[in-house]
Amino acid sequence: VNPPPGDPSVVAVMADNPTAFWRLNELAGPTAVDCAGGNDGTYNGSGVTYGVTGPPGGSDTAVHFDGTAGRVVVPYAPAINPSGPFTIEFWAAGTGGGNQGPISSMTTTLSGGYGFYFARNFRGYEFFTGASGALNMDTGEGAAPALGQWTHVVGVSDGAANIFLYVNGYLVGTANNAGAPFTPNLSAPFYIGCRRDSTLFFNGAMSDVAFYNYALTSTQILHHLTVGLPQKLAITASTNVIGDSNPYTDAKDGRNNGAT
């Protein structure tokens with residue numbers, strides 16, 4: 001489960017020094033290894049399918065959660081619950097339903113922390129933070145991603161009063177704190193595959209969950225998304241074509257045979 005040598009997407013993530021990085025590429029439980037910070041989690045004994053096809057750009061597998069019981073629980077750690085800037089990044093491919101919680105590190109009373117929803121208050125993914133018993137910042141995407149399609153999701157907090165949500169490299173939502181300031185989670189576990197209260201289980205595949213104790217830039221986010229993808233060369237027809245007034249009798253690729 002260590003990052004495979006030469007896997008460009010994993011190399012890019014590790015180069016940006018994540019505090020924690022759960023590949024979710026295990027072929028069996030119960031341990032979900034954090035290959036960056038040692039904050040290992042535990043898979044639930046049921047509801048998890050191992051070794052499914054991972055996201056594009058990588059060579060590894062992922063896990064699929066059944067929307068009922070599948071999840072990973074990481075014990076509380078201050079390193080992944082800072083009071084300053086932070087970023088959470090993951091790949092997910094939902095396979096049905098809505099009102100789901102793919103990531104959560106928040107107290108059950110909403111006294112502090114952060115999390116993500118899928119198809120709850122917005123049609124697509126949603127990023128939020130909590131304070132004083134409520135969501136003090138909440139933003140999401142208006143479009144719903146195609147079911148079964150891998151989606152790159154990134155939530156960024158500037159540590160002050162703003163959060164940003166990127167989906168497949170695009171900034172799709174922002175929110176500004178107009179009420180209580182953000183408060184970090186001081187006690188609750190980090191959940192992958194369900195909400196903070198072990199409800200709203202995610203139905204779909206997940207991979208490469210990374211946490212950073214700083215705000216990733218849009219350039220870094222786009223690089224993580226595209227570094228392993230096949231590059232496409234776009235060629236468009238030109239209207240500025242000059243005819244060869246003195247063509248050579250035989251075709252000679254790469255030579256100018258009298259064009260004026």
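Side-chain atoms are counted along with the backbone in the values below, which use heavy atoms only and exclude waters and symmetry mates.
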Steps toward side-chain contact (heavy atoms from CB on, under 4.5 Å) verdict (W22, F190):
CA-CA 12 Å; W22 299 274; F190 182 95; 3.8 Å; yes
Would you check if [X] and [Y] make a side-chain contact, meaning some heavy-atom pair closer than 4.5 Å?
{"X": "F21", "Y": "M14", "answer": "yes"}
{"X": "T107", "Y": "S187", "answer": "yes"}
{"X": "L24", "Y": "I192", "answer": "yes"}
{"X": "N121", "Y": "F128", "answer": "no"}
{"X": "Y170", "Y": "L165", "answer": "no"}
{"X": "T217", "Y": "L222", "answer": "no"}
{"X": "P75", "Y": "P189", "answer": "no"}
{"X": "F127", "Y": "I88", "answer": "yes"}

Could you tell me which non-hydrogen atom of [X] sits nearest to which non-hydrogen atom of [Y], and how far apart they are?
{"X": "A12", "Y": "V227", "result": "CB-CG1, 4.0 Å"}
{"X": "T151", "Y": "P145", "result": "OG1-CB, 3.7 Å"}
{"X": "A215", "Y": "P85", "result": "N-CB, 3.9 Å"}
{"X": "A62", "Y": "G54", "result": "CB-CA, 4.0 Å"}
{"X": "R123", "Y": "A144", "result": "O-CB, 3.6 Å"}
{"X": "D60", "Y": "D7", "result": "N-OD2, 4.3 Å"}

Out of curiosity, does [Y] fall in the hydrophobic cluster containing [X] (side-chain heavy atoms, cut-off under 4.5 Å, transitive links)?
{"X": "Y76", "Y": "V209", "value": "no"}
{"X": "I163", "Y": "F118", "value": "yes"}
{"X": "V154", "Y": "V172", "value": "no"}
{"X": "F122", "Y": "L135", "value": "no"}
{"X": "Y50", "Y": "V72", "value": "yes"}

Under the criterion side-chain contact (heavy atoms from CB on, under 4.5 Å), I'd like the reasoning laid out for I221 against V156: C-alpha separation, chi angles, the key distance, then a yes or no.
CA-CA 10 Å; I221 292 169; V156 179; 4.1 Å; yes
From [X] atom [atom1] to [Y] atom [atom2], the distance as rounded to the nearest 0.5 Å:
{"X": "F164", "Y": "S218", "atom1": "CZ", "atom2": "OG", "answer": "10.5 Å"}
{"X": "W91", "Y": "W150", "atom1": "CH2", "atom2": "CH2", "answer": "8.5 Å"}
{"X": "N39", "Y": "F211", "atom1": "CG", "atom2": "CZ", "answer": "10.0 Å"}
{"X": "Y114", "Y": "T183", "atom1": "OH", "atom2": "OG1", "answer": "14.0 Å"}
{"X": "R71", "Y": "S46", "atom1": "CZ", "atom2": "OG", "answer": "9.5 Å"}
{"X": "D34", "Y": "D40", "atom1": "CG", "atom2": "CG", "answer": "6.0 Å"}

Counting only N and O atoms by type, is there a donor-acceptor contact under 3.5 Å from the side chain of [X] to the main-chain atoms of [Y]?
{"X": "Q149", "Y": "A146", "result": "no"}
{"X": "N44", "Y": "G47", "result": "no"}
{"X": "E89", "Y": "V153", "result": "no"}
{"X": "T31", "Y": "V33", "result": "no"}

Do N176 and T174 have side-chain N/O donor and acceptor atoms under 3.5 Å apart?
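Looking only at side-chain atoms, T174 and N176 do not form any donor-acceptor pair under 3.5 Å.
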Ignoring hydrogens and angles, state whether a donor on the side chain of D16 or H224 is under 3.5 Å from an acceptor on the partner side chain.
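Side-chain D/A pair, D16 to H224: present.
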Excluding sequence neighbours, so at least two apart, what forms ring-ring contact (aromatic ring centres under 6.0 Å, His included) with F65?
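For F65 there are no ring-ring contact (aromatic ring centres under 6.0 Å, His included) partners, ignoring immediate neighbours.
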Aromatic ring proximity F86/F182, centre distance under 6.0 Å
yes
After noting the C-alpha distance and the side-chain angles of V63 and Y43, does the key distance pass the side-chain contact (heavy atoms from CB on, under 4.5 Å) rule?
CA-CA 10 Å; V63 296; Y43 288 102; 3.7 Å; yes
Yes or no on side-chain contact (heavy atoms from CB on, under 4.5 Å) for D66 and V48, after CA distance, side-chain angles and deciding distance?
CA-CA 6 Å; D66 67 350; V48 182; over 6 Å; no
Among T87, T19, N17, I80, which residue meets the side-chain contact (heavy atoms from CB on, under 4.5 Å) test with N213?
T19
Distance-only donor-acceptor hits, side chain of residues 96-106, under 3.5 Å, sequence neighbours excluded:
from: N99; atom 1: OD1; to: R120; atom 2: NH1; distance (Å): 2.4
from: Q100; atom 1: OE1; to: N203; atom 2: N; distance (Å): 2.9
from: Q100; atom 1: NE2; to: G96; atom 2: O; distance (Å): 2.7
from: S104; atom 1: OG; to: R196; atom 2: N; distance (Å): 3.2
from: S105; atom 1: OG; to: N81; atom 2: OD1; distance (Å): 2.6
from: S105; atom 1: OG; to: N185; atom 2: ND2; distance (Å): 3.2

Side chain to side chain donor-acceptor pair (under 3.5 Å) partners of residues 131-144, not counting sequence neighbours, each pair once
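Sorted result for residues 131-144: T129-N136.
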